[in-house]
Amino acid sequence: MSDYSPGLAGVPATRSKVSYLDGTKGVLEYRGIRLETLADRSNFIETAYLLLFGNLPTPTQLEKFDKDLRVHRRIKYRITDLIKCLPDNGHPMDALQAAVAALGMFYPDKNVQDEQTQYLSAVRLIAKIPTIVAAYARLRRGDDQIQPRDDLNYTENFLYMLTEKVPDKVMSEILDTCLILHAEHTMNASTFSGLVTASTLADPYTVVSSAVGTLKGPLHGGANEKVLTMLKEIGSIDRVRPYIEAKVKAKQRIMGLGHREYKVKDPRAIILQRLAKRLFEHYGKSPLYEVAVEVEKVGEEYLASKKVYANVDFYSGILYQKMGIETDFFTPIFAMARVVGWLAHWIEQVKDNHIFRPTEIYEGEHDRAYVPLSERKG
Ligand code: ACO
C-alpha cells in the first residue's frame, strides 16, 4: 500500500532522452537544449526534427524534412467528407481525434519499428493535423475547406487555411514560437496515454488519437480554453480579487494555475507573456491581458504557499484570441504542436518496447455469493 502514488506522481514511467524538466528551477530542455534558446533561435519545424531524431538537422536534412512536410499537407477527400459529416457544434478536439484515427485506415503502416515507416508516419501526422484542424474550423460554419499552399511555411500555411489570408511575419513568427513551447513536455498525461498505446505496437495514428483524447481534458490541454472563459467571466480588474477569494474559499481550481511538476512559474508562461506583449505592440492591447495579470498576482497571494503558479495555459489563450482564433480551437493548436512530442516518445518506446501493464491495489470483496435475480430486493 505504501508504494502507491495517486496519479503516479513521482513514479518514472520510462527512460527517455527527449526532454528534461526541473520543476524547482523552472528549467525545460528539448534534447538538452534550453527552451528559451529554441524559442529565440529556432523554428517549429527545426525543433520538431530535433525532438524526433535527437539532433538539430543539417541544412540538407532540414531542407528534406521541410519539403516532405509540405508535400504531405493535403488530406484525402474522404477525410474531408468525414469531417463534413461531424456535428458543427461538436468540440474540434473530437473532430481531430476522429480524423486522426481515420487517417490510420488510409496508411496501414505495417512495421512500426521500421525507421522509414516511422519517418513517413511522423511527417504525415505533423503535416496533416493542421489541415484537419483548419478544415473543421471552416466546414463547421459552412465555408469551403481551403487547400494548403506549398509555398508557405508551416505556420503561415496553417493561418492561411484557417483565415484565407496570408498572415504577416509578426503573427506567424509568434504562433510559430507558441508551437515550439507546446511541442514537448516530458511524461505528461497525453504523452503517457500515447506511450501506453504505443507499447501495444498499435499504429502511430492510433497512438496520436489516444493522446489527442487525453489532451482534451480541462485539467490538461483543455485548460487554455477554460482560462479565457474565466477571464471573460471576471471581466474587469476590480472583480479579480472577489473572484479568486470565492474560488479559494470554495476550494475550486483557478484555471491556468498550478502544475504537477513546476513549483515555480512555468518557463513557458514567462515566454508566452513576452510574446503577448510583442503581439499587443503590433495589433493593440487585449483588455483581458490586464485581467490575467491581476489574476496571476492575486492568485499568487493565495496559492504561492502551495507552490501554485501560472502554467503554459495561462497566457496562450489571450494570444490566440488576439490572433482571431476561436476559443475551442486553442487545444487543437496545442495538439498540432504536441504531436511532435508524442511521436518522439513513440519512436523511443517502440525501439525498446515493453508493454505497459501496471498492477493495482484491489480494495473490493472476495468470495461473494451469487444471489439469484428473483431473490434480490429493491
Ligand atoms: N487553483 C487552486 N488551487 C490549486 C490549483 C489551482 N489551479 N492547483 C492546485 N491547487 C491546490 C490544490 O487545491 C491543493 O491544495 P490542498 O493541498 O490544500 O488540497 C494543492 O494546490 C495541490 O494540488 P494537487 O491537485 O495535489 O496538484 P496536482 O499536481 O495533482 O495538480 C493540476 C496539478 C491538475 C495541473 C492542478 O494544478 C490544476 O487542476 N490546475 C488547474 C488546471 C490547469 O490549469 N491545468 C493545466 C496544467 S498544464 C497542462 O496540462 C498543459
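Read the numbers this way: they start at 1 and go in the same order the structure lists the ligands and their atoms. Note that this is a predicted model, so its numbers are computed, not measured.
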Give me the residue, atom name and distance of the protein heavy atom closest to [atom].
atom                    : result
atom 39 (O) of ligand 1 : R253 NH1, 3.0 Å
atom 47 (C) of ligand 1 : N311 ND2, 3.5 Å
atom 29 (O) of ligand 1 : R260 NE, 2.8 Å
atom 50 (O) of ligand 1 : H220 ND1, 2.8 Å
atom 41 (C) of ligand 1 : L257 O, 3.4 Å
atom 10 (N) of ligand 1 : V308 CG2, 3.7 Å
atom 45 (N) of ligand 1 : L219 O, 3.1 Å
atom 6 (C) of ligand 1  : I254 N, 3.5 Å

Take every heavy atom of [X], measure it against each atom of ligand 1, and state whether any distance is under 4.0 Å.
X    : result
Q252 : yes
F334 : yes
N188 : no
G7   : no

Could you list which atoms of ligand 1 come closer than 4.0 Å to a heavy atom of [X]?
X    : result
D313 : 46 (C), 48 (S), 49 (C), 51 (C)
G256 : 43 (C), 44 (O)
A223 : 43 (C), 44 (O), 45 (N), 46 (C)
V312 : 51 (C)

If you measure from the Lys or Arg side-chain nitrogens to the Asp or Glu carboxylate oxygens, is any gap between [X] and [Y] under 4.0 Å?
X    : Y    : value
D150 : R74  : yes
E326 : R141 : yes
D328 : R140 : yes
E294 : K297 : yes

From atom 48 (S) of ligand 1, work out which of E261, K247, H259 has a heavy atom at the shortest distance.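 Nearest option to atom 48 (S) of ligand 1, by heavy atoms: H259.
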Measuring from atom OG1 of T155 to atom CG of D176, what distance do you get when rounded to the nearest 0.5 angstrom? 3.5 Å
Have [X] and [Y] got a donor and an acceptor in their side chains that come within less than 3.5 Å?
X    : Y    : value
E225 : H91  : yes
E245 : Y302 : yes
R268 : Y315 : no

Geometric class of the [Y]/[X] ring pair [parallel <30°, tilted 30-60°, perpendicular >60°]:
X    : Y    : answer
H182 : F334 : perpendicular
H185 : H259 : perpendicular
F329 : Y136 : tilted

Side chain, backbone, both or neither: the part of K306 lying under 4.0 Å from ligand 1 by heavy atom: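 Just the side chain.
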Does ligand 1 come near enough to [X] that some N or O of the ligand is less than 3.5 Å from an N or O of the residue?
X    : answer
R268 : no
M255 : no
L303 : no

Closest heavy-atom contact between D238 and P242?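 Reported closest heavy-atom pair: O-CD, 3.7 Å.
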Mark whether atom 22 (C) of ligand 1 lies under 4.0 angstrom from at least one protein heavy atom.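 No, because not a single protein heavy atom sits under 4.0 Å from atom 22 (C) of ligand 1.
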For atom 17 (O) of ligand 1, state whether the nearest protein heavy atom is under 4.0 Å away. no
Is R78 close enough and on-axis enough to F106, meaning under 6.0 Å and within 45°, for cation-pi?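 Because its charged atom misses either the 6.0 Å distance or the 45° angle limit, R78 does not stack over F106.
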Please lay out, stage by stage, how V212 and W342 fare under the test side-chain contact (heavy atoms from CB on, under 4.5 Å). CA-CA 10 Å; V212 169; W342 297 330; 3.7 Å; yes
